[in-house]
Structure formats: C-alpha cells, structure tokens
Amino acid sequence: MAEAALAPGGPARRRRRSWVPYALLAPGLLWLAVFFVAPMVTLGSQSLQEGNVYDGYTLTGNVGIYADAVGKYWPHLLRSVGYAATATVFALLLAYPLAYFMAQKAGRWKNVLLVLVVAPFFTSFLIRTLAWRTILSDTGPVTEVAQALHLTDLLQLLHLTNNDTLLSSKFAVIAGLTYNFLPFMILPLYAALDRLDPRLVEAAGDLYASPWQAFRHVTWPLSLPGVVAGTLLTFIPAAGDFINSRLLGNTQTVMIGQVIDSQFLRVLDYPLAAALSFVLLLMILGLVTAYVRRAGTEELV
Amino acid sequence: MAEHGAGDLRLTGLTKRFGDFTAVHPLDLTIPRGSFFALLGPSGCGKTTTLRMVAGLEEPSGGTIHLGDTDVTGTRAHRRNVNTVFQSYALFPHMTVLDNVMFGLRRKGDKQAEAKAREALELVQLGQAGGRRPGQLSGGMQQRVALARALVNRPDVLLLDEPLGALDLKLRRQMQIELKRIQQEVGLTFVHVTHDQEEAMTMADHIAVMNAGRIEQLADPATLYEHPASTFVANFLGQSNLLRARVEGGARDGLVRANTEGQELLLAADSVPEGLTDLWVGVRPEKLTLGEAGGRNRLGGRVVDASFTGVATQYVVRTPWGADLVVVQQNDGSARATPGEDVTLSWEPGREFVLDAAQDDHAGLDEVAVDG
C-alpha cells in the first residue's frame, strides 16, 4: 500500500493532481463570489435605482445621484479623510517607538508586550469606544489634568475642541480613532522591525552615521513595508468609521460612515447610501494607489 | 574625528567584563601603523570583543585605546576613523552596491564620494557591479563589497572580523592573497581577527595568539611556529609532538642532555630556559625523519597509521611507552613505511622547542578540533 502511494505518478495521478489547487481555491473563490462580488453588484445596482422602500425600486440608471451625493456630502467625505489621516499619523508616531522597542530591545518581554497589544481585542470595539467617554468625561481626571496644564486652551486654539472640556469634539474623535486602530499599526511595524538585522544599524554607526542618520538611512527604509502595511490597515477602516464620531463627537464632526449608516437605516434612502458607499470606496482606492506607488519607488525617504 | 594617518594603535590595560565573565583581561598591545596584524584564537577567546572595542561598538570596562596620540576610548563609533569589515558583511540590502560603498563618504560629506567609491570597487575588481543589489551577488562578491565599503574611507585602522569565514576553501585562499595585495597597495593598518591559523600566518606580519581573554604570544608567524611560548600556541598553530623530558647534566658544546622515558635526547642549550629541569620537548612533524639520517636524536616506534597526501606522507608512530608521534615525510622518492613496521625517528638538536612541563600538553587541541 505504502509503496503504491509513493510510486511515481502515472497519467491518472497527474490528472488528479491538476485539479487539487482548484479544489483548494474553491471555498475561497466561493466566499469572494457570495460575500464580495455579489454585494458589490447589488450595491452598484442599488445606487442606480429610483423609488422608495414601500413601493419598491426600479433600475433607472440614475447616474446623477453620484453628483448629488458628492455635492451634498463632500464636507463629510473630506472630514473623514482628514480625521483618518490625522489618526494614522498619530498612530504611526505612537506605534513606531513601541514596535521598535518590542522588536529590538524587549528580549524576553517581547511576547508579554505582544499579548498586551492584542489584549484590547478581547473586548468589543463598541465597549472600548464607550470607555473613552468615561476617560474623557468633563469631570474625569484626564480632563482636569488637561485643564490644569492648559492643554484644553491649546486644543481650543487649534479648533480641536469647542470649550474647555475634551469630550464631544474633533479631538475626542481623532483620539478614539487613533486608539482603536493602533494595534493594526503596531503589528505590521513589529513584524518589519523584528526582521531588521541590528548588525546593519551597527554597520551604519561604524560608517560614520550618527544614530539619527542610521535611523534615516537604514532602519526607516528597511521598515517601510511595515509602515505602508500599518498605515493602510489604519487609514482604510478609520476613513469609513462611524462609531467614534457618534460616541465621541458632536454634530460638527459627522463622518461619512455615519451619513451612510443613517441614510441606510433611518432615512431609508438606499440609492443615496449606496452611491456614497461607492464614492468612499473609489476615493480610498485612489488615495491608497497613489500612496503605494509613491512608497514603492523608495523616493519616499 | 581623529586626524588622518594618526599612527600606531595602542591598547593599554583594555578590559571587558560581561557580568561576572571577563571576556578580555587587561590587554596591552601596540599595533604599528601600516602593519597587517592578526588576532588569532579559538571561538570565545575575546578576539572579536577586542576588535569591537577598537571599533567603538563595545564599551571597554577598563583601559584605554589610543590612535596615535589621540585617546579614542570614549569616542563613539561614528566619530572614530576606524572601519570594520563584518563577519556577516552587514551590507545594506536596500541600497545598490555603489550606494553601500559611498555610505561612509556621504556621511562625512565627501564631494567626490562617487568617484572614490567607483575607484574602490575597481580595486576589489567589482567595477561592473555598482548598480546591483547585495542580494544579487555571490558570497565572495559581497565580501569584496564589504571590504570596499570600509576601505574607501581610508580609515586609520581597518578591522576585519573573520571576513573570510563564510567562504569556501578555494575562494578563501584567493581572497587571502587579494587582501594582502590590497593592504600593501593602500598601506593602511589592518587588524584581522580569525580562528584560522593558516589564514593568520599567510597574511599577517604580526600575530597575537589569544586564549581565554589573554594574549598567549605576540610574534611574527615564523617565530610563533618555530618557537611557541606555550603548549597552547604549539598545539593551536600547526601540529606538535610534545615529549615529556628531564634535564640531566649541564650544557656542553651548546647542548644539554635530557631524558625522555629512558631515551637520551640532546637539546640546544639556548632553547632551554635557565633553571628549568622538567620540560616539554616539542618537535614539529616535518622536522622528524624516518630512519637515522635526520640527526643525533633518535626514538624508536612502530608505524600505526600512514596516510598518503600526494605531496607528503603522514605517519603516526607509536613509541614503546604508548605516545603517538606524527611524522610528515616529503614525497622525495625515499622508501615509504607501512603500518606495523618498526622504525626509528631522528632529528638534529636545535630543531625542537622547549616548554615548561607545568603546562597542559593538551591546551589548544580541543579548540582546533571544534573549529574544523
């Protein structure tokens, strides 16, 4: 039996082998067809329909809805991109030193720190965002310290808050986004920096590079794949987020995700919601393509 | 940065401790400017740590490092005019070969960085490879890029940390000759760390043999080989036959009479340290001759092993008291012995070296076996 199984395959065996990859791919392809391609087509067709929930919709090819959607909600689209970009930058600034420390210096604490980074995922996204309401509450210690240090005045000056409290402001929304997507920044950065050979940094120092120059010319470029992956994993979901601005923001911080959410579930204007979803999708796709192109040419540094 | 061409490299009482472990015991060493100096020793003897302290990559626990008259002990690595060729090469994978070589010059703000880098690549015969990435090069080529990257800066001292360790034997031989040629061409001080005694002897003008954080002997290759100062050096550099002997009677005609296991030996008086009576008498395998033609000292034994290597035949001869002696006989047309044959070994007084019997005759043997 065993010998027969190990024997070099004849034509029958070769034929059997050839369908194995397709068989293995089939569940994934089926998944993509049912849960990605089909919804996209439905969403696209929905955006070009007219009617209402009670009388039903008919496909009329109403392309004008896209112009309406952008015309009406461009501030929300821009705001979403702006908040997401800001949160991504802050997440990068926070995550890079942490990931570097974990990967290069933590030694046996490495795994403990990794668990700590992942630990927040054990609680719901919603609960953690709600917790920020408590953290930033008007009478909480964080607000009091910020007031004592006049950080609230600074935030007001920067138009990130409207009064001397922290909650219900741009600041709170961006802080919430930064916090929620931070692990998605840390993990790819960690993976990239873990692969960095410390002897290369040493060699840079030996070749007259100051610590800063060694970082700029060796560590940073070698960690770029992690930076690109981390920023994408942070920026893309943050741009479509609708929880943080609802729970931590005010009426002036409404993001596009919130608009889509309410158009779909409260206003029940399905075509507009679908059109907005597509606009957001194309916008993110465009930005990401431009970014990856630029990062890929190494001229980023 | 230190002035260029600062002069000799001087280590004074240089020490390195890691916790309770002393990697380098207080070390005094002067490496003359422009010399090719080798630090030779088994793994873990402290040679790489010493090198890293000179490079500024490791902070000494004590002592000082001078380049000429400048004390560089506290100077950080990037401010020292010292460059290293790392064992792993440590080439920057995201840069082209040319950018790698220009790296040091760029940091110093050299205007002719590119021209100098191209020249350095020519020197290591890689003029055509400038636009390629290190990952696209073979091990030997990467090694030469690493060398060019360090050389191009014209450092006061060039440190080489087992630079040929990752290469195969043939390539290593070739690179040894090339390194020596380049060193003579550019005239920089080279400090070469290696565990390969042959490599050290081929290339270096001076060799410091290190063992357990200390320098056992510092000399030119011929002196190290002919007159090792310790059993460690005798065993680590080449093969040695060590015979336990006792001095009997004083010197006459420049010779001293000694006795090993009942056999009389004559030793050159000037090689026997004053007042020493218990000795190790060391004879290198190629200085022993099968038969009585070799000289006045004679030992009997039986051939237990003979291996023909083409240029020579290596015999293992067991003495009546059970010691195995290695003999190498050149393939000069003389008759070859066969295993089981009783033979006489002979050598002329003065071709041996003499060491204190208090030393361990197996020192340095294990390390040789490990390094393979």
Side-chain angles (χ1 to χ4, degrees), chain A residues 92 95-97 99-101 103-109 188-232 291-301, chain B residues 1-2 48 51-59 75-96 99-110 113 117 120 133-135 142 145-161:
Chain A
L92 181 63
Y96 203 100
Y100 185 86
F101 176 80
Q104 296 283 334
K105 309 281 171 195
R108 64 203 176 92
W109 295 103
L189 277 178
Y190 167 80
L193 287 166
D194 196 40
R195 279 198 307 270
L196 174 75
D197 186 347
R199 290 176 296 190
L200 294 178
V201 181
E202 208 167 61
D206 187 66
L207 291 163
Y208 316 110
S210 64
W212 164 246
Q213 288 174 324
F215 174 79
R216 205 172 95 77
H217 295 289
V218 178
T219 309
W220 174 258
L222 287 174
S223 67
L224 262 188
V227 173
V228 171
T231 45
L232 292 184
Y291 172 67
V292 171
R293 280 254 175 91
R294 190 163 145 70
T297 56
E298 295 154 355
E299 253 76 74
L300 195 71
V301 197
Chain B
M1 219 164 284
T48 295
L51 194 81
R52 289 174 59 82
M53 287 194 281
V54 176
L57 302 172
E58 208 82 69
E59 206 178 318
T75 311
R76 303 202 34 197
H78 67 276
R79 297 191 181 280
R80 282 187 206 194
N81 203 15
V82 170
N83 289 115
T84 311
V85 178
F86 293 91
Q87 186 171 12
S88 60
Y89 312 148
L91 298 175
F92 305 123
H94 58 296
M95 297 180 196
T96 62
D99 283 333
N100 263 282
V101 178
M102 282 198 289
F103 191 91
L105 294 173
R106 282 248 180 96
R107 300 289 85 74
K108 290 199 285 191
D110 195 314
R133 296 288 170 110
Q142 291 186 20
V145 175
L147 182 64
R149 186 177 70 170
L151 269 178
V152 75
N153 304 299
R154 291 291 183 267
D156 294 329
V157 180
L158 184 78
L159 305 172
L160 301 113
D161 184 8

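All heavy atoms count here, side chains included; hydrogens, waters and symmetry mates do not. Within every chain, numbering begins at 1; the chains are lettered A, B, ... in the order of the sequence lines, protein sequences first and strands thereafter.
Minimum interatomic distance between B:Pro155 and A:Tyr208 (heavy atoms only, all atoms of both residues): CB-OH, 4.3 Å.
When heavy atoms are compared at a cutoff of 4.5 Å, A:Ala204 approaches chain B by way of both its backbone and its side chain. When heavy atoms are compared at a cutoff of 4.5 Å, B:Leu91 approaches chain A solely by way of its backbone atoms N, CA, C and O.
The side-chain hydrogen bond (donor to acceptor under 3.5 Å, both in side chains) search around B:Arg107 returns A:His217, not counting sequence neighbours. In terms of the ring-ring contact (aromatic ring centres under 6.0 Å, His included) criterion, residue partners of B:Phe103 (sequence neighbours excluded) are, by chain and number, B:Phe92.
Using a 4.5 Å heavy-atom cut-off against chain A, the contacting residues of residues 145-152 of chain B are B:Arg149. Heavy-atom neighbours of chain B within the stretch residues 192-202 of chain A, taken at a separation under 4.5 angstrom, comprise A:Arg199, A:Leu200, A:Glu202.
Atom CE of residue B:Met95 and atom CG of residue A:Leu222 lie 8.0 Å apart, to the nearest 0.5 angstrom.
No donor-acceptor pair under 3.5 Å is formed between the side chain of A:Asp206 and the backbone N or O of B:Ala77.
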